[in-house]
Amino acid sequence: MTTIAARVSTGEIAADSMVSGDDSFYLVEKLRRGKNSIYGACGDWDKCLKMLQVLESGGELDSDTDVSVLEIRSDGLWVYEGTIIPARIKNDFWAIGTGANFAIAAMHCGKSVLEAVEIACMYDTSSHGPIDLMRLGGRGGRTKSNR
């Protein structure tokens with residue numbers, strides 16, 4: 001599926017690039033910038049694209065969906081877990097997707113969100129680089145890691 005990790009204190013969110021199809025995989029950008037936040041989604045990619053498009057444009061969600069979305073805002077982390085109503089994550093960092101546990105463990109050990117997703121890609125067969133990293137506000141643009 002994927003690995004998406006974010007940390008409030010640094011204003012960063014990172015995601016792997018792999019989307020799997022029937023017998024193959026391809027690489028995409030899973031992060032999207034909204035008005036005051038950044039989103040990353042995992043699940044069925046067609047459904048993720050629809051959810052990200054609505055969130056990115058500031059539109060209204062009209063029904064629950066079976067994708068997961070991690071959102072970073074200046075006021076914290078928010079997760080949509082199959083619903084249109086986000087839950088606030090109180091932790092400074094969090095991750096979603098099949099590689100989430102690897103990424104969370106890495107961040108507990110002091111790794112950055114970029115490093116955490118890189119580590120998840122080493123152990124989660126559903127996550128693969130390059131890694132995309134985005135920062136809130138004017139704190140830089142998009143960087144990529146090929147790991």
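In terms of heavy atoms, Met107 sits closest to Ala5 at CE-CB, 3.7 Å. Considering every non-hydrogen atom in both Cys48 and Cys42, the closest pair reads SG-C, 3.4 Å.
Note: Tyr39 and Tyr80 have tilted aromatic rings, judged against thresholds of 30 and 60 degrees for the angle between ring planes.
Met18 and Val28 are assigned to two separate hydrophobic clusters, defined by single-linkage of ILVMFWY side chains at heavy-atom distances under 4.5 Å.
Residue pairs that meet the salt bridge (Lys or Arg N to Asp or Glu O under 4.0 Å) test with at least one member in residues 81-107, sequence neighbours left out, are Arg7-Asp92. Judged as a ring-ring contact (aromatic ring centres under 6.0 Å, His included), the pairs with a partner in residues 7-29 (not counting sequence neighbours) are, in order, Phe25-His128.
Clustering of Ile, Leu, Val, Met, Phe, Trp and Tyr by side-chain heavy atoms under 4.5 Å joins Phe102 with Ile119, Met122, Tyr123.
Under the side-chain contact (heavy atoms from CB on, under 4.5 Å) criterion, Asp75 pairs with Arg73, Trp78, not counting sequence neighbours. The side-chain contact (heavy atoms from CB on, under 4.5 Å) test applied to Ala15 returns Ile4, Lys30, Leu31, not counting sequence neighbours. By the side-chain contact (heavy atoms from CB on, under 4.5 Å) test, Ala14 pairs with Val113, Val117, Ile131, Leu133, sequence neighbours left out.
Side-chain contact between Lys47 and Asp66: present, with at least one pair of heavy atoms (C-beta onward) separated by less than 4.5 Å. A 4.5 Å side-chain heavy-atom check between Ile72 and Leu136 finds at least one atom pair inside the cut-off.
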Q | Evaluation steps, side chain to side chain contact (heavy atoms under 4.5 Å, CB included), between Met51 and Val69 | A | CA-CA 8 Å; Met51 179 86 163; Val69 175; 3.7 Å; yes
